[in-house]
Amino acid sequence: MGKIILTGDRPTGKLHLGHYIGSLRRRVELQNLGDYDKMFVFMADVQALTDNADNPEKIRQNIIEVALDYLSVGLDPEKCVLYIQSMIPELAELTTYFMNLITVSRVQRNPTVKTEIKMRNFEANIPMGFFAYPVSQAADIAAFKGTTVPAGEDQEPMIEVTREIVRRFNQVYSPVLVEPTIMLPQNATARRLPGTDGKEKMSKSLGNCIYLSDDADTVWQKVRGMYTDPTHVNVSDPGHVEGNAVFTYLDAFSTDEDFAEFWPEFANLEELKAAYSAGGIGDMKCKKLLNSVLNKMLDPIRVRRHEFEQDIPEVYNILKKGSDVARAEAAKTMDEVRAAMQINYFHDAELIRSQSERFRAK
Ligand code: TRP
């Protein structure tokens, strides 16, 4: 059986460096390696609406933002199918059937959903759709027979629920669906990039993001204001690289070539870290280096974004085409699902034949 890569994002905001390092960069690598049979990347607008029901405009605006982010980082509609979740009504149908295969208490045990409920102060008033989104996410994956889901650690509970539902479906009906596995980011920095303020996580609600769509000036303003080491007051003071966001970003993004290009005094980050720890290296110089590193990475992304921005109808067209392809794929799985569940009344010649016999014999 083939390898089917599938992943997606909620279109609730523009994508930032945390998304890039945690997932987007890897997706583009996977796409270009070509070691898969099919690859699907989608915008989970249905899931985004589960806690934004009263704000559809926000989701609609972010569909195009995320689409531009996808295309500008190098996701290529020739190689991977880019689509919008709501355009695949088969997913809603599969969600409905999946709801019968899992219990309320099992869904309640999901640690990611628990945290989200707290964060949103939903405790007493959880929208039903929000509560059920892990089930809908299982449908997102199973409808495409996804085998490999590149995603962050926070998605592990969703994949576990998916596996359980798929297993149960295959056991109760017949083995038509596939149990996926999660593909986690390769290293710790990729798993959680801190914000520019040094807080644990880069996140829109904390206002500590560098967006892929930020221009060079904006990036410099943000880098210049970054949290470093509060005990590093004078240049000559020894500095700390642990918990110093500038160094965490350099860990995530800089290469030895960057040093050769922007700060040849040091061969690599380890050397700079040693010098910074010993004292004598100013924060501003490190920030300038980081700024150069980030802009070098972001420049080609900006060029591509600019091109796509000149032809927005084409961007929608790409999503429309991708959605058509995705829908056809999901429809194929749903034919098998309905047959397995014995709800394919009009497509089962044997059913009609045996029923006519039964009633004729009376
Ligand atoms: N829950 C994911 C997120 O918040 C988005 C998502 C929805 C997803 N369906 C998916 C990710 C299926 C991977 C596979 O980012």
Side-chain angles (χ1 to χ4, degrees), residues 3-16 18-24 26-27 30-31 36 38-52 58-59 62-63 65-67 69-70 75 80-88 90-92 94-95 98 107 110-117 119-120 129-166 177-185 190-193 201-205 209 322-323 326 329-330 333:
K3 177 167 169 183
I4 298 178
I5 301 178
L6 180 142
T7 190
D9 302 275
R10 293 181 196 175
T12 52
K14 299 184 282 189
L15 303 180
H16 52 61
H19 296 111
Y20 187 69
I21 193 76
S23 159
L24 292 172
R26 184 89 178 280
R27 288 183 205 172
L30 287 168
Q31 168 198 276
Y36 54 85
K38 290 177 198 146
M39 179 160 173
F40 298 96
V41 176
F42 74 105
M43 286 171 260
D45 62 335
V46 174
Q47 188 172 113
L49 283 164
T50 63
D51 63 335
N52 285 285
K58 169 175 154 191
I59 308 307
N62 282 308
I63 287 280
E65 293 286 354
V66 174
D69 286 328
Y70 281 175
L75 287 178
C80 79
V81 184
L82 299 173
Y83 62 100
I84 304 178
Q85 185 186 18
S86 59
M87 296 298 101
I88 325 295
E90 285 77 6
L91 299 176
L94 188 56
T95 302
F98 276 2
V107 176
N110 186 312
T112 299
V113 177
K114 275 191 193 164
T115 315
E116 286 175 320
I117 287 171
M119 262 165 41
R120 289 166 177 69
F130 184 82
F131 179 76
Y133 94 71
V135 184
S136 142
Q137 186 157 339
D140 295 340
I141 301 168
F144 296 91
K145 302 193 179 180
T147 58
T148 312
V149 181
E153 265 167 348
D154 61 327
Q155 299 301 304
E156 269 182 313
M158 312 303 159
I159 307 304
E160 203 35 60
V161 163
T162 305
R163 293 171 62 85
E164 284 176 35
I165 293 176
V166 163
L177 299 179
V178 179
E179 280 185 50
T181 51
I182 192 165
M183 184 188 242
L184 290 169
R191 281 184 199 177
R192 179 156 299 184
L193 191 74
K201 199 177 168 189
M202 185 173 278
S203 127
K204 182 173 33 104
S205 50
C209 302
S323 299
E329 201 63 42
T333 306

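Counting convention: from 1, in listed order, for ligands and their atoms alike. Below, all heavy atoms of this structure are taken into account, side chains as well, without hydrogens, waters or symmetry copies.
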- In ligand 1, which numbered atoms sit nearer than 4.0 Å to a non-hydrogen atom of Thr7? 13 (C)
- Message: Given 3.5 Å as the limit, does a donor-acceptor pair link the side chain of Thr7 with the main chain of Ala151, or not?
- Response: no
- Based purely on interatomic distance, does Asp9 place a nitrogen or oxygen under 3.5 Å from a nitrogen or oxygen of ligand 1? no
- To atom 15 (O) of ligand 1, the nearest of Ala44, Gly8, Pro150, Ala142 on a heavy-atom basis is Gly8
- Query: Any donor-acceptor pair under 3.5 Å linking the side chain of Thr147 with the backbone of Lys3?
  - Reply: no
- Message: For the CD1 atom of Ile141 and the CD1 atom of Ile4, what is their distance to the nearest 0.5 Å?
- Response: 12.5 Å
- Without hydrogens or angle criteria, can the side chains of Tyr83 and Glu329 be said to hold a donor-acceptor pair below 3.5 Å? no
- Query: For atom 2 (C) of ligand 1, which candidate among Arg10, His19, Gln155 holds the nearest heavy atom?
  - Reply: Gln155
- Note on the structure: So the atoms of ligand 1 within less than 4.0 Å of a heavy atom of Asp140 turn out to be 7 (C), 9 (N), 10 (C)
- Looking only at heavy atoms, is any part of Val149 under 4.0 Å from ligand 1, and if so is it the side chain, the backbone, or both, or is it neither? side chain
- What residue and atom, counting heavy atoms only, is the protein's closest point to atom 1 (N) of ligand 1, and at what distance? Gln47 OE1, 2.7 Å
- Under 3.5 Å between some N or O of ligand 1 and some N or O of Gln137? yes
- Could you tell me whether a side-chain N or O of Ser86 sits under 3.5 Å from a main-chain N or O of Val46, the two making a donor and an acceptor? no
- Query: Do you see a donor-acceptor pair shorter than 3.5 Å between the side chains of Asp51 and Tyr133?
  - Reply: no
